[in-house]
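Everything on this sheet refers to the single structure shown next.
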Amino acid sequence: MKIAKLFLAGMLALVLAACNNTEALGDFSKEIDKSVKAEQPVQDVGKKLQNLENEKVQIFNKLNKATPKEVKAAADKLLKNTEERSKAIEEEIKVMNKSQNIYEKAKAKTNAIEDKTQKKVVTEFIKLNDNKYKKHNDLMYSYKDILKTEKEVFNYLKEPQPDGKAVNKKIKAVTNKYEQFQKDTTSYTNMLRVVDQQKNKITDILNGK
């Protein structure tokens, strides 16, 4: 009976040890969830940007048949649209900075993780998530550059006699930047999937899988 009690006590100690073993990982995971939740407003910003992009295209497509006076009026609308998109981008940057601040604090909690398997999974996650924030920052910089180039086009349209060839050349420059931006956006989207997959590995460990 005494042996049985000792055996049960030993088993209990192992169970408690196992629970404590994932405590630090659990704390880290909760903070990561908070950082992801903090990013939710980005979806609303994305919808706002898409609407503004659609509005821009609609205004711009009417320029071919527009009179000089109408072109200048359209240019004013396009410049206002550019400013609104610029504000939206600043909103997104602010949201992601808030998320990253939570994430950076979460990384400090990984020092308490001793299990080698957990450590390996978390290290890989941090590597991917660090890159996620970097890629997003690069995207924001690229989009700001697009806005700057578009602004040059729209301001040029307000000139007394804008040259058609010059306009087309400027538009081509914008188009090239948009094409690269789309490629970078696809790369970023793919990275988010990989980050989620790695986060799921942390969740699996916490669920005992």
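The model shown is predicted, which means the values in this text are computed figures rather than measured ones.
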Could you go through Asn81 and Lys77, starting from their C-alpha distance and side-chain angles, then the distance that decides it, and tell me whether this counts as side-chain contact (heavy atoms from CB on, under 4.5 Å)? CA-CA 6 Å; Asn81 176 283; Lys77 290 180 181 179; over 6 Å; no
Please lay out, stage by stage, how Gln58 and Asn54 fare under the test side chain to side chain donor-acceptor pair (under 3.5 Å). CA-CA 6 Å; Gln58 289 175 2; Asn54 292 338; over 6 Å; no
Would you sort out whether Lys48 and Glu91 count as a salt bridge (charged side-chain N to carboxylate O under 4.0 Å, His left out), showing the intermediate values? CA-CA 11 Å; Lys48 185 188 295 184; Glu91 283 180 41; 3.0 Å; yes
Asp76 and Lys72: salt bridge (charged side-chain N to carboxylate O under 4.0 Å, His left out), yes or no, with the steps? CA-CA 6 Å; Asp76 284 331; Lys72 288 177 175 56; over 6 Å; no
Stepwise side-chain contact (heavy atoms from CB on, under 4.5 Å) check, Glu90 with Lys144: CA-CA 10 Å; Glu90 291 303 327; Lys144 282 184 175 183; 2.9 Å; yes
Would you check, one step at a time, whether the test salt bridge (charged side-chain N to carboxylate O under 4.0 Å, His left out) holds for Arg85 with Glu53? CA-CA 8 Å; Arg85 282 183 288 144; Glu53 283 284 347; 3.2 Å; yes
Does the side-chain contact (heavy atoms from CB on, under 4.5 Å) test come out yes or no for Lys172 and Lys169, once each step is laid out? CA-CA 5 Å; Lys172 179 64 177 175; Lys169 186 177 180 181; 5.6 Å; no
Please step through side-chain contact (heavy atoms from CB on, under 4.5 Å) for the pair Asp184 and Asp138, ending with a clear verdict. CA-CA 9 Å; Asp184 293 341; Asp138 290 344; over 6 Å; no
So His136 and Glu92, side chain to side chain donor-acceptor pair (under 3.5 Å) or not? Walk me through it. CA-CA 10 Å; His136 184 272; Glu92 181 161 338; 2.7 Å; yes
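Placement of Leu139 and Tyr141 in two distinct hydrophobic clusters is found when ILVMFWY residues are connected by side-chain heavy-atom separations under 4.5 Å, directly or transitively. Linking Ile, Leu, Val, Met, Phe, Trp and Tyr whenever their side-chain heavy atoms come within less than 4.5 Å puts Leu128 and Phe28 in one cluster. Side-chain heavy atoms closer than 4.5 Å link hydrophobic residues (I, L, V, M, F, W, Y) into clusters, and following such links, possibly through other members, connects Val195 to Val36.
For the pair Lys132 and Tyr188, the cation-pi criterion (under 6.0 Å, within 45° of the ring axis) is not fulfilled.
Nearest heavy atoms, Ala38 versus Val95: O-CG1, 3.2 Å. Shortest non-hydrogen contact noted between Leu78 and Leu63 is CD1-CD1, 4.4 Å. Of all heavy-atom pairs between Ser35 and Ser99, the closest is O-OG, 2.8 Å. Pairing each heavy atom of Pro162 with each of Val167, the nearest pair is CB-CG2, 4.3 Å.
The pair Lys151-Glu83 counts as a salt bridge, with a side-chain nitrogen and a carboxylate oxygen less than 4.0 angstrom apart. Ion pairing between a basic and an acidic side chain is recognised when a charged N comes within 4.0 Å of a carboxylate O; Glu84 and Lys56 show no such pairing. Salt bridge absent: Glu70 and Lys62 never bring a charged side-chain N and a carboxylate O closer than 4.0 Å. Contact check on Lys37 versus Asp33 returns no salt bridge, with no Lys/Arg side-chain nitrogen under 4.0 Å from an Asp/Glu carboxylate oxygen.
At a threshold of 4.5 Å between non-hydrogen side-chain atoms, the residues Leu79 and Lys158 count as touching. By the 4.5 Å heavy-atom criterion applied to side chains, Lys109 and Glu31 are counted as neighbours.
The distance from atom CG of Leu206 to atom CD of Glu23, rounded to the nearest 0.5 Å, is 11.5 Å. The distance from the OG1 atom of Thr82 to the CG atom of Leu52 is 9.5 Å, given to the nearest 0.5 Å. To the nearest 0.5 Å, atom CD1 of residue Ile205 and atom CG of residue Leu25 are 6.0 Å apart. Rounded to the nearest 0.5 angstrom, Asn97 CG and Glu104 CD are separated by 11.0 Å. Rounded to the nearest 0.5 Å, atoms CD1 (Ile89) and NZ (Lys94) are 15.0 Å apart. The line from CD1 of Ile202 to CD1 of Ile32 is 7.0 Å long, rounded to the nearest 0.5 Å.
For Thr186 (side chain) and Gln182 (main-chain N/O), a donor-acceptor pair under 3.5 Å exists by modelled atom type. Between the side chain of Asp115 and the backbone N or O of Thr22 there is no donor-acceptor pair closer than 3.5 Å. With hydrogens and angles ignored, the 3.5 Å screen pairs a side-chain donor or acceptor of Gln198 with a backbone N or O of Val121. Asn207 places no side-chain N or O within 3.5 Å of a backbone atom of Asp204 that could act as its donor or acceptor partner. Of the possible polar contacts, one joining the Tyr156 side chain to the Asp163 backbone as a donor-acceptor pair under 3.5 Å is found.
Remark: the Asn176 side chain and the Gln180 side chain contain no N/O donor-acceptor pair separated by less than 3.5 Å. With no hydrogens or angles considered, no side-chain donor-acceptor pair links Thr149 and Lys170 at under 3.5 Å.
Heavy-atom contacts from other residues, nucleotides or ligands closer than 6.0 Å to NZ of Lys119 number more than 12. Enclosure of atom NZ in Lys201 is not indicated, since only 12 or fewer non-hydrogen atoms of other residues, nucleotides or ligands lie within 6.0 angstrom.
Between Phe181 and Tyr143, the ring planes lie tilted relative to each other; the angle falls in the 30° to 60° range. By the 30° and 60° cut-offs, the orientation of the rings of Phe125 relative to Tyr103 is perpendicular.
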